[in-house]
Protein chains: 2
Amino acid sequence: MSENGVLSRAKVLTIDTMNPTVKKVEYAVRGPIVLRAVELERELSEGMKKPFSEVIKANIGDAHAMGQQPITFFRQVLALCSYPELLNDSTFPEDAKSRARRILQSCGGNSMGSYTASQGIDSVRQDVARYIERRDGGVPCDPDDIYLTTGASDGIVTMLKLLVCGEGATRTGVMISIPQYPLYSAALAELGAVQINYYLNEEKCWSMDISELQRALDEARRHCNPRALCVINPGNPTGQVQSRQCIEDVIRFAANERLLLMADEVYQDNVYAEGCQFHSFKKVLFEMGPEYSDTVELVSFHSTSKCYMGECGFRGGYMEIINMDDEVKAQLTKLVSVRLCPPVPGQALMDLVVNPPQPGEPSHDNFIKERTITLSALAEKAKLTEQVLNTIQGISCNPVQGAMYSFPRITIPEKAIQEAMDKGQEPDMFYCMKMLEETGICLVPGSGFGQTDGTYHFRMTILPPTDKLTILLNKVKEFHQKFTQQYS
Amino acid sequence: MSENGVLSRAKVLTIDTMNPTVKKVEYAVRGPIVLRAVELERELSEGMKKPFSEVIKANIGDAHAMGQQPITFFRQVLALCSYPELLNDSTFPEDAKSRARRILQSCGGNSMGSYTASQGIDSVRQDVARYIERRDGGVPCDPDDIYLTTGASDGIVTMLKLLVCGEGATRTGVMISIPQYPLYSAALAELGAVQINYYLNEEKCWSMDISELQRALDEARRHCNPRALCVINPGNPTGQVQSRQCIEDVIRFAANERLLLMADEVYQDNVYAEGCQFHSFKKVLFEMGPEYSDTVELVSFHSTSKCYMGECGFRGGYMEIINMDDEVKAQLTKLVSVRLCPPVPGQALMDLVVNPPQPGEPSHDNFIKERTITLSALAEKAKLTEQVLNTIQGISCNPVQGAMYSFPRITIPEKAIQEAMDKGQEPDMFYCMKMLEETGICLVPGSGFGQTDGTYHFRMTILPPTDKLTILLNKVKEFHQKFTQQYS
Ligand SMILES: Cc1ncc(COP(=O)(O)O)c(C=O)c1O
Ligand SMILES: Cc1ncc(COP(=O)(O)O)c(C=O)c1O
């Protein structure tokens, strides 16, 4: 009987009768630690006493939330597109107005409120193609191969969806790095595909080893049908930037083993370390000659969420598909049409990212200034993070060559591991949860991304403002020392 | 050998090795007719001679593309949120500014560029809950039961995904109306769920018959496990508005048969016919007393794309889940977190829709004026469409009580049916394709939505401006007469 005295009926939809693949999905970046952080914030705001006065979220690559400022020009154009009356406002620069006019002319009824082509606005895809050509030193790019997406997440999930088939030993397997960005494992779980782990080499600054790829692939071939290889460069959560040689080796491996390549290049402007440089998979592919550039199937993903713009909330992004079979491409176009179109403000923003103010235009200097400030600050914080973490005994951190994260290895005392086990928790989850409760710092345990058995890590973004980051790093230091002492 | 003299390798991903469920997906609203319409537009713009001077798209519910104007207040707030510098601009009304401030305060770093909670911004969900309470005469609504979405499409697909399980005779079946909005069949195909068709009664103005629901359900139970019933009210493509009695009967049916109800209510403000009124499933459910309101699992969907706002491009929407099992709800929250969050401008817009200018606020009168103009024009065009279509011999059209479409039945001569069959085309596809080539009018054939065997229809939106709609209707008349003559 329910509270109302009515016979309670069993639910149609219960945990036992729901989609079993959905149950298998995990997504650590927004997992239990983050839920607890939100609770703690609420408790603080209600006046509850805590050993800290604020929760610092270093768990997610959410730049504006950490105080990074948007690019003025981008926001001016978005305002103009949202409310075209402003085109009569003389305080807006002419280049912002002309960009806004061009975007609006590509929209049905000159309104961002219209659905666009499912693949994205034509003129935006043309601008993306030209951007890629410039970036890759003239390698040609066909706008028809560009699909605008709802953030890179959408593109990645869509491509995986297209790919997965077969049952049992012929089920599609997809190779992903460990550690990985957990969107990949989540999408594979949801699709019921086989996740094939290849381990990045922590000793060599989280680089990719072809021998490790081969090992993972050979093992997987015994129980599934490996068909794709995903690479994140610059890396999340690991922050490495791949060398040109490494990319070439990976492409050769994919070609030899007949794997479709998925290159997650959302951090393409986030390269900080000296001697490191971003090389797109596409550019390297084309430099390897027609034997490769005519055959290897490659999909590359980009987003408005990262780099210097950090515009996550707009959910803009694109993917470029290279050497995709024409019939499959038609299927892809059909599939994306079901969702009608990506959000238009995100498409507009993507357009601005690939076509920013040019030299001589009124907004150019300020644009360069703002972009430089943001990227320099990130470079500085990458360095700071690595340096301070490496002063802590029991923590060792690879250089943060790129992206927005450090992924240091932490030594957890045996006793703490035991206590975690007793609680049924991963030791690094236990560690991070304790850190959150004692210091207010919200990190993500390494187990959420995957790591070599018996090693422990956490992921920390480099995004807080420098002063806050310094405090945060010192708190981590203090906490780690106390924790180590307590469990020794 | 490829063109470059290199041995061409077989693709990894081909039509034969791709996801077979994706291949089964169909989406007529953006199908071959629309692709041809886009081609024709290109040909016209290149100066090619056609028997018409412009392509008129009446295939999709895309209001702004057809010239409908956005609500000024909404766009002002969006501009303010995009470029907060404008908060210092005295030409913006105070109520727009205070709304913008409230939205920005709910965003990390006061920026729409931040990711939000995956379920959507807290304050927006609170506003949605209050809107629903007002709409439903005080029936309580918990903001925790609101999930903001990327358009209603996203919510619908997510709910279906949660639900589908089992294999063979226990595979989840979902009941959808025929005719239906093809998002449903597409999503079910992609998920590999069983589509259970129930037919709307064309003779009774496309109403739902419980006996037909029962027939469809009983038949389906022999080969699958029916678990959900989808209803679109007001209807797309059929334009009917359900009576309170009908909704009550449907709810009773769902309760007796243990079906989860999915109510697609994106056209809730689009009711034109005298004597018709929108009743939300939730309100009726609660009026039926705790036997129903405490037990029946109901999910309702809304969107920024339709009604008087027509803001499709922003991809805003929400769903309300009622009587959902707590564990399932936790799984839903986890599932949506993988995509990070719905687009923030769409969330902001959804907030404005549920919390528009209030009496006494500076923008109130203009808001009411703009909304009234749009809704009156739609009502007028609904009437006009029905009237003109019914003057055509061989076409009969039910009243367009609501939504944005007419779905008239057309008589296609035997000879034309034969010619279509010979071409391997559905007769109404043949008809619409011919109309497009001869008149430039782009409609969607009834076969894209489903219809009783041996009957033929097309869907035409009522969205073109009245003068254009009049021309369009006359062209349809002319074409139909000519077509009928030609094939008699
Ligand atoms: C490696 C990587 N790929 C993809 C994404 C998805 O980003 P979005 O969907 O916001 O574009 C992220 C977000 O953090 C990421 O780190
Ligand atoms: C009945 C119905 N449901 C859902 C949608 C999806 O709309 P959106 O995803 O733009 O909110 C539409 C769009 O036409 C519709 O007609």
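Below, all heavy atoms of this structure are taken into account, side chains as well, without hydrogens, waters or symmetry copies. Chain letters run A, B, ... following the sequence lines, proteins first, then strands; residues in each count from 1.
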Open item on the list: Which atoms of L332(A) are under 4.5 Å from chain B, going by heavy atoms: the side chain, the backbone, both sets, or neither?
Closed with: neither

Task: Which atoms of N323(B) approach chain A - backbone, side chain, both or neither, heavy atom under 4.5 Å - done: both

Task: Proximity breakdown for L335(B) and chain A, heavy-atom pairs closer than 4.5 Å - done: side chain

TODO: Name the region of L259(B), side chain, backbone, both or neither, that has any atom closer than 4.5 Å to a heavy atom of chain A.
DONE: backbone

Task: D89(B) versus chain A, the contacting section by heavy-atom distance below 4.5 Å - done: side chain

- [ ] Considering only heavy atoms and a distance below 4.5 Å, find which of A65(A), G108(A), S305(A), G310(A) pairs most often with chain B.
- [x] A65(A)

Open item on the list: If I measure from the heavy atoms of chain B, does N110(A) come under 4.5 Å with its side chain, its backbone, both, or neither?
Closed with: neither

TODO: With a 4.5 angstrom heavy-atom cut-off, could you sort out which part of T333(B) is near chain A: side chain, backbone, both or neither?
DONE: neither

TODO: Could you pull out the closest heavy-atom pair between R227(A) and L13(B), with the gap in Å?
DONE: NH2-CD1, 3.7 Å

Open item on the list: With a 4.5 angstrom heavy-atom cut-off, is it the side chain or the backbone of V157(B) that approaches chain A, or both, or neither?
Closed with: side chain

Task: Q76(B), part contacting chain A, at a heavy-atom distance under 4.5 Å - done: both

Task: chain B contact via C81(A) - which portion, at a heavy-atom distance below 4.5 Å - done: backbone

- [ ] Against chain B, label Q69(A) side chain, backbone, both or neither, depending on which of its atoms sit under 4.5 Å from a heavy atom there.
- [x] neither

- [ ] Below 4.5 Å from any heavy atom of chain B, which atoms of Y184(A) appear? Answer side chain, backbone, both or neither.
- [x] neither

Open item on the list: Need one label for R75(B): side chain, backbone, both or neither, based on atoms under 4.5 Å from any heavy atom in chain A.
Closed with: both

